[in-house]
Trainee: 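Before we start, here is the structure in question, set down as structure tokens.
Throughout, protein chains are lettered first and strands after them, A, B, ... in sequence-line order, and every chain is numbered starting at 1.
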Amino acid sequence: MSQPPVVIVVDDDAGMSRAMARMIEAGGMTAMLYGSAEAMLADAREADCIVIDVQLPGMDGFQLYEALASRGSRVPVVFISASEEAEARARELEDPLVTFVAKPLSGRALLETLKSVLDEARGCAARPGGKRYL
Amino acid sequence: MSESVHHAPAAAASPGMAHELPRSWGRTVRLAVCVFLGYYIGARLGLALTFLPQPTSVLWPPNAIMLGALLVVPVSSWWVVLAAALPAHLLSELPHGIPLPMVLSWFASNVTEALMGAGAVRLLFKVDAPLATLRGVAVFVFCACIAALASSFLDIALVELNGFAGGPYGDLVRRRTLSNITASLVVAPMIVAWAAGGWHLLHRTRRRELVEAMLLGTGLAAVAFLAFNVTSMWLAPCAPVPFLLWAAIRFGTRGASMALAAVAVAAIWGAGHGLGALASHSPIETTHSVQVFLIGMGSALLCLAALSEERQRTNDSLAEARSRLFHASRLSAMGELSASIAHEISQPMSAILGNVDAAEALLARGNLGDAQLRAILRDIREDDLRAVEIVKHMRNLARRRPPESRDFDVVEEVRLALRLVGPLARHRRVALGFRSEGALVVRGDPVHVQQTLMNLVLNAMDAMERTPDPERIATVLVTRLENAAQVSVRDAGTGIPPAQLQAIFEPFFTTKSDGSGLGLSIARTLVESQGGKIWAQDNADGGATVSFTIPLGTARDA
């Protein structure tokens, strides 16, 4: 029996994090929550997808993305933000593993995005480095 | 009659003709009744104010009442004033056995005076509010004098024509002229001042002002009584001067005209009874000195009141302009913070949506337990309240409002402002720190404090544009001084050259390529209007600190 996919959520807003965790779990996945990029990097867990709020205290979402990339991570990233500038920046990365979801964000939209991201990742499961970001 | 309907003042015009007609008629009838009563009572008063056996009254109010009415009603309604005055004139003169042609002749000279005075003021000099400006007062006094003088010649000619009483013409002209000028300066200003919304103003008067007006009235009545009815010291007529100045400076034309009328009553009453410094053995001389006293005092007082009102209007428009500037600057800061604000609102909204969708998904799968449902509902409520708080905060900042002065916790206001600036700071890679020693009650305007702080933090972030990432730190510090709270914003930016530490608070001083140079100057005005100070220092270890103070509140915490 296969393990449910693990989704890491990095968001400093506790209310928002809890709502996302509930949604992820209602979608049959496991959620892991971190309040900052630094906390997540220090913990270094395996995951199938990482949801990152762009505006984080300390290291921001894009810096976290770079840190993960420098560690050789091939885990898909979903950026969330209300800022159009952040959306443009996410596009400029031109990384097929990066998806952007604009806020205000519905639970359904997040879940659909996660499912398609995970399906795509499964499609290229042979990818080296999949399911690990360390 | 149709003319008055046609020319009804625009301000009072109602949208439908059906309402316009009766309202306009109502106004016409009201005006006619007021003029009729005013003229009749004025004529009786004029007779009562005559120091017999000399025939001319000290002041003859009917003409001044007509003049006052003509000065305040639209020119198209002047005929109402004249038409209403005629029956009042006949009613007051005919019972004394004066022949009708003479009575009508006097009415003609009275009407001539009022029409000449009001016509010159309004049509020749184009002055619509004769007492509101110094020029207006000058025009009014000049026109009133000329009209009284010119109509007096007509009056004497008509008296001669009717073969009524005679006498040396020079004396008659002088007596009538002085009597009518005195009335114009004492009676007409009251009508002009109070007709311009005076009664509505009375309803809006604050209690403190009412108490002040009552104190002034009582003091003036007592002093005027003593000065004109008890002592006959030659300097005594000057005793009411401080009260007249008080009335003119604090209560403008309305106060000055009332105070002058009170002094006129006291002076005429005293002199008429042979009391006070203005009384003499000859009634003619007594009349003369009372008139000269009232004309001199009245002109000076009206000028002073107009100056005081002009100054008040300047102050009001300055305050209004400042309030507009504060508001515009607040809106501009909110514009800069729009991304921040969007983030702050979208956060709870997203959480609510996420929770609702999660609950639906869990329900669909049949595994939504009671405890989880309660937790979801609790989170939804909290997030909703959070969004409401932010919207309230925005509304409070965005609306235009008069400045207020009240006790509030400065730390709470700083926190609110930082909450709006926070997301922008993160976006601009600035670490925003905040330190305080707990709640601190100050007195001032909380919105002004938030506005000042937002200005300073936005400036601090601009100053750190070229500061390397890990050093981009802005710290807000709230400390308690002996009599004030001090809020400091410390940055690690380019610093401020010592020569510019003062200049940065001057309007239009800026070192930014896209700066208006108004931010810090507005911050200074905001702080100083609350009794605080603002200053800048260059940090020894780089960057600058801008600090401001707010006086501690009256309900100080221990």
Side-chain angles (χ1 to χ4, degrees), chain A residues 4 7 9-29 31 33 35-38 51-64 66 78 80-89 101-115, chain B residues 337-369 371-387 418-419 421-434 469-470 472-473:
Chain A
V7 178
V9 175
V10 190
D11 194 333
D12 62 316
D13 188 302
M16 188 65 212
S17 298
R18 276 204 301 278
M20 281 196 277
R22 280 188 192 118
M23 201 60 227
I24 289 163
E25 273 155 22
M29 294 170 272
L33 307 180
S36 71
E38 289 85 348
V51 178
I52 304 173
D53 183 12
V54 173
Q55 283 194 348
L56 289 171
M59 251 174 125
D60 74 7
F62 290 108
Q63 287 173 319
L64 173 59
E66 279 161 23
V78 176
I80 51 173
S81 173
S83 145
E84 283 175 18
E85 206 186 318
E87 186 169 2
R89 252 180 97 183
V101 180
K103 280 199 217 171
L105 143 111
S106 84
R108 271 182 218 153
L110 175 68
L111 210 53
E112 273 161 28
T113 308
L114 285 178
K115 279 187 176 150
Chain B
L337 291 172
S338 60
S340 238
I341 294 163
H343 176 267
E344 279 301 288
I345 293 178
S346 68
Q347 206 70 358
M349 300 313 285
S350 297
I352 289 170
L353 214 51
N355 274 315
V356 170
D357 287 348
E360 273 182 359
L362 288 169
L363 263 180
R365 290 167 58 134
N367 58 358
L368 179 60
Q372 193 164 22
L373 180 61
R374 273 198 205 98
I376 288 175
L377 290 176
R378 193 183 54 231
D379 276 0
I380 288 177
R381 170 175 290 123
E382 272 175 21
D383 282 320
D384 189 283
L385 291 175
R386 211 167 96 195
L418 291 184
R419 186 164 151 190
V421 186
L424 180 70
R426 263 183 250 157
H427 179 69
R428 294 178 65 172
R429 315 292 319 134
V430 171
L432 199 54
F434 173 45
D469 225 357
R472 288 189 183 192
I473 300 168

Trainee: Would B:Arg386 and A:Asp13 count as a salt bridge (Lys or Arg N to Asp or Glu O under 4.0 Å) if you check the C-alpha gap in whole Å, the side-chain angles of each, and the deciding distance to 0.1 Å?
Mentor: CA-CA 12 Å; B:Arg386 211 167 96 195; A:Asp13 188 302; 2.4 Å; yes
Trainee: Does any heavy atom of chain A fall under 4.5 Å from the side chain of B:Ala425, the backbone, both, or neither of them?
Mentor: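 Nothing of B:Ala425, per the 4.5 Å heavy-atom cut-off to chain A.
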Trainee: Just give me the residue among A:Gly27, A:Ser81, A:Ser106, A:Ala21 that pairs up with chain B most often, heavy atom to heavy atom, under 4.5 Å.
Mentor: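 Of the candidates given, the most pairs with chain B belong to A:Ser106.
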Trainee: What option among B:Ile352, B:Asp379, B:Leu432, B:Leu362 has the most heavy-atom pairs under 4.5 Å with chain A?
Mentor: B:Asp379
Trainee: Out of B:Ile376, B:Leu368, B:Ile380, which one racks up the most heavy-atom pairs below 4.5 Å with chain A?
Mentor: B:Ile376
Trainee: As an exercise: rank B:Ala375, B:Ser350, B:Ala358, B:Ala359 by heavy-atom pairs under 4.5 Å with chain A and give me the winner.
Mentor: B:Ser350
Trainee: Please round to the nearest 0.5 Å and tell me the distance separating atom CG of B:Leu353 and atom CG of A:Leu110.
Mentor: 10.5 Å
Trainee: If you draw a 6.0 Å radius around CE in A:Met29, do more than 12 non-hydrogen atoms from other residues or ligands fall strictly inside?
Mentor: yes
Trainee: Check whether A:Leu111 gets within reach of chain B through its side chain, its backbone, both or neither, counting any heavy atom under 4.5 Å.
Mentor: neither
Trainee: Measuring from B:Ile345:CD1 to A:Lys103:NZ, what's the distance to the nearest 0.5 Å?
Mentor: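 One finds 12.5 Å between CD1 of B:Ile345 and NZ of A:Lys103.
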Trainee: Go through the atoms of A:Met16 and report whether side chain, backbone, both or neither lie under 4.5 Å from a heavy atom of chain B.
Mentor: both
Trainee: Of all the heavy-atom pairs spanning A:Asp53 and B:Gln347, show the shortest one and how long it is.
Mentor: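 That closest heavy-atom pairing would be OD2-NE2, 3.7 Å.
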Trainee: Search all heavy atoms of A:Ala19 against all heavy atoms of B:Ala351 and return the closest pair with its distance.
Mentor: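 Taking A:Ala19 first and B:Ala351 second, the nearest heavy atoms are CB-O, 3.3 Å.
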Trainee: Less than 4.5 Å to any heavy atom of chain B: does that hold for the side chain of A:Gln63, its backbone, both, or neither?
Mentor: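 A:Gln63 touches chain B through side-chain heavy atoms alone.
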Trainee: Identify the two heavy atoms, one from B:Gly354 and one from A:Met23, that lie closest to each other, and give their separation to 0.1 Å.
Mentor: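 For B:Gly354 and A:Met23, the tightest heavy-atom pair comes out as O-SD, 3.7 Å.
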Trainee: Would you give the length of the straight line joining atom CZ of A:Arg108 to atom CD of B:Glu360, rounded to the nearest 0.5 angstrom?
Mentor: 4.5 Å
Trainee: Examine distances only and state if a side-chain atom of B:Arg365 and a backbone atom of A:Ala26 form a donor-acceptor pair shorter than 3.5 Å.
Mentor: yes
Trainee: Check this for me: does any side-chain nitrogen of one of B:Arg426 and A:Asp60 sit under 4.0 Å from a carboxylate oxygen of the other?
Mentor: no
Trainee: Return the CZ to CG distance between A:Arg18 and B:Asn355, rounded to the nearest 0.5 Å.
Mentor: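 Taking CZ in A:Arg18 and CG in B:Asn355, the distance rounds to 8.0 Å.
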Trainee: As an exercise: rank B:Ala342, B:Pro423, B:Gly422, B:Pro348 by heavy-atom pairs under 4.5 Å with chain A and give me the winner.
Mentor: B:Pro423
